Chemist: 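Next up is a structure, given as structure tokens.
This one's a predicted model, so the numbers in the text were calculated from it and none came from an experiment. The sequence lines fix the lettering, A, B, ..., with proteins before strands; numbering per chain opens at 1.
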There are 2 protein chains.
Amino acid sequence: MKRNSRLSLALHTLSHMAGEPGRVRTSADIADHAGTNPVVVRRVLGKLREAGLLSSEKGHAGGWQLAKDADSITLADVYLALDERLVAGSGGDAEPSHCSVETGLQSRVAEVLDDIEESLVERLRETKITDVHPSSCSYCGS
Amino acid sequence: MKRNSRLSLALHTLSHMAGEPGRVRTSADIADHAGTNPVVVRRVLGKLREAGLLSSEKGHAGGWQLAKDADSITLADVYLALDERLVAGSGGDAEPSHCSVETGLQSRVAEVLDDIEESLVERLRETKITDVHPSSCSYCGS
DNA sequence: GTATATGTAACAATGGATGTTGCATTCGTC
DNA sequence: GACGAATGCAACATCCATTGTTACATATAC
């Protein structure tokens, strides 16, 4: 995995689950499919659980499944659950400048990027998890 | 500097230049203002020059300035000049899977992210460099 | 009690971005 | 023509976020 792997892994997994909503999957299964590691899967899916998108059960027959209807989950939900801020960045690490033009400009640039970030989230809100699942998929139970 | 530093540095610099379009600035000056290194500045601004947004002159009285009207430069121009792909990521590093559901899903996820990326660029096209420059700026010559 | 799952902490490894140095080249000025 | 000042560029070092890994505690079904 390389860039945007968290978002990618999340969408991948959710989309899979949208195909067979009832099925419970272990992090090991998911990791195999996604070509990564169970712990990484748990880390990412844990965020989605915090956001109420997934539920997990410990123990023998445990695993992960959707906590709500796939139709009601948008990419914005996923994006926000993962605390991604692709455009705006982490933001407030600018060392205070002596020059007032600089500080003004810096905050203005940050403002603009925040606006763009917001637009991005709005755009993400338009796509549902069910839109990601391939319509031509004849393998899953759906 | 930390995250999104290239985009941030580029916007910062262009916005500065929009204030005093005639002035030629050295990479050392710009680096000072941005709190970074002349070579880094040249790396980033070099991309903007390739895209025709800036021009640079070597030699004694050399430096950087806008190559076109600040009004005609949008954030999309900058974003694309820098080869940023914030949403879509680098993309094609997925190891080929034996499972056809996987490959289908992976390409579908990539498709969706590409769409979002495109929307982002469209959004960026709506903001001009002159929109970034603070209207309350009484320091620059504009 | 055992097997199997998550939850989590601690640490290692990887990789991209940034910072740095050095030097060739170009251009104005003396 | 020599010199100073700037870009252009390559090579290397450093930093840092992400990912990968190991280990172990905990919970649950059988």
Chemist: Taking CZ from B:R43 and P from D:dA10, how many angstroms apart are they, rounded to a whole number?
Modeler: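 So the CZ-P distance, B:R43 to D:dA10, works out to 11 Å.
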Chemist: Send over the distance from B:N4 CG to C:dG16 P, rounded to a whole Å.
Modeler: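 To the nearest whole Å, that distance equals 17 Å.
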Chemist: Starting from P on C:dG16, measure out to CG on B:D83 and report it in whole angstrom.
Modeler: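 Between P of C:dG16 and CG of B:D83: 15 Å.
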Chemist: Please determine whether the number of non-hydrogen atoms from other residues, nucleotides or ligands lying under 6.0 Å from atom CD of A:E118 exceeds 12.
Modeler: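 Counting neighbours around CD of A:E118, 12 or fewer heavy atoms of other residues, nucleotides or ligands fall under 6.0 Å, so no.
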Chemist: Walk along nucleotides 22-30 of chain C from 5' to 3' and tag each nucleotide B, S or - by protein heavy-atom contact under 4.0 Å, base first, then sugar-phosphate.
Modeler: ----BBS--
Chemist: Can you tell me the distance, in whole Å, between the CG atom of A:L48 and the C1' atom of C:dT6?
Modeler: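 The answer, rounded to whole Å, is 15 Å.
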Chemist: Take atom CZ of A:R6 and atom P of D:dG20, then tell me their distance rounded to the nearest Å.
Modeler: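 Atom-to-atom, A:R6 to D:dG20, this comes out as 12 Å.
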Chemist: Any side-chain N or O of A:S56 below 4.0 angstrom from OP1/OP2 of C:dG7?
Modeler: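 A:S56 to C:dG7 OP1/OP2: side-chain N or O found under 4.0 Å.
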Chemist: How close or far is atom C1' of D:dC9 from atom CG of B:L45, stated in whole angstroms?
Modeler: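 Rounded to whole Å, this separation is 15 Å.
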Chemist: For the pair A:Y79 (side chain) and A:L120 (backbone), establish whether a donor and an acceptor sit closer than 3.5 Å, ignoring hydrogens and angles.
Modeler: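 Here the side-chain-to-backbone pair does not exist.
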Chemist: Could you give the CZ-to-C1' distance, from B:R25 to D:dT7, as a whole number of Å?
Modeler: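 B:R25 atom CZ is separated from D:dT7 atom C1' by 17 Å.
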Chemist: At what distance, to the nearest 0.5 angstrom, does CG of A:L45 lie from CD of A:E50?
Modeler: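 It comes to 11.5 Å.
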Chemist: Between B:E122 and B:R125 (salt bridge meaning N to carboxylate O under 4.0 Å), is one present in this structure?
Modeler: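 Salt bridge: yes.
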Chemist: It should be established whether A:T36 places a side-chain nitrogen or oxygen under 4.0 Å from OP1 or OP2 of nucleotide D:dG20.
Modeler: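 Yes, within the criterion.
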Chemist: Just to confirm, is there a sub-4.0 Å distance from OP1 or OP2 of C:dA5 to any side-chain nitrogen or oxygen of A:T26?
Modeler: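 No.
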Chemist: So, does B:R108 use its side chain to make a donor-acceptor pair with the main chain of A:V132 at under 3.5 Å?
Modeler: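 Judged by distance alone, yes, a pair lies under 3.5 Å.
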Chemist: For the side chain of A:E57 and the backbone of A:G63, is there at least one donor-acceptor N/O pair under 3.5 Å apart?
Modeler: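 No, A:E57 side chain to A:G63 backbone: no donor-acceptor pair under 3.5 Å.
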Chemist: Taking atom types as modelled, is there a side-chain donor on B:S72 or B:D69 under 3.5 Å from an acceptor on the other?
Modeler: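 No, B:D69 and B:S72 have no side-chain donor paired with an acceptor closer than 3.5 Å.
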Chemist: When the nearest nucleotide of DNA chain C is assigned to A:P38 and to B:V44 on a heavy-atom basis, which residue is associated with the more 5' position?
Modeler: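 Comparing both residues, the 5'-ward one is A:P38.
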Chemist: Can you tell me how far C1' of D:dG8 sits from NZ of B:K47, to the nearest Å?
Modeler: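 Computing the B:K47:NZ to D:dG8:C1' distance gives 14 Å.
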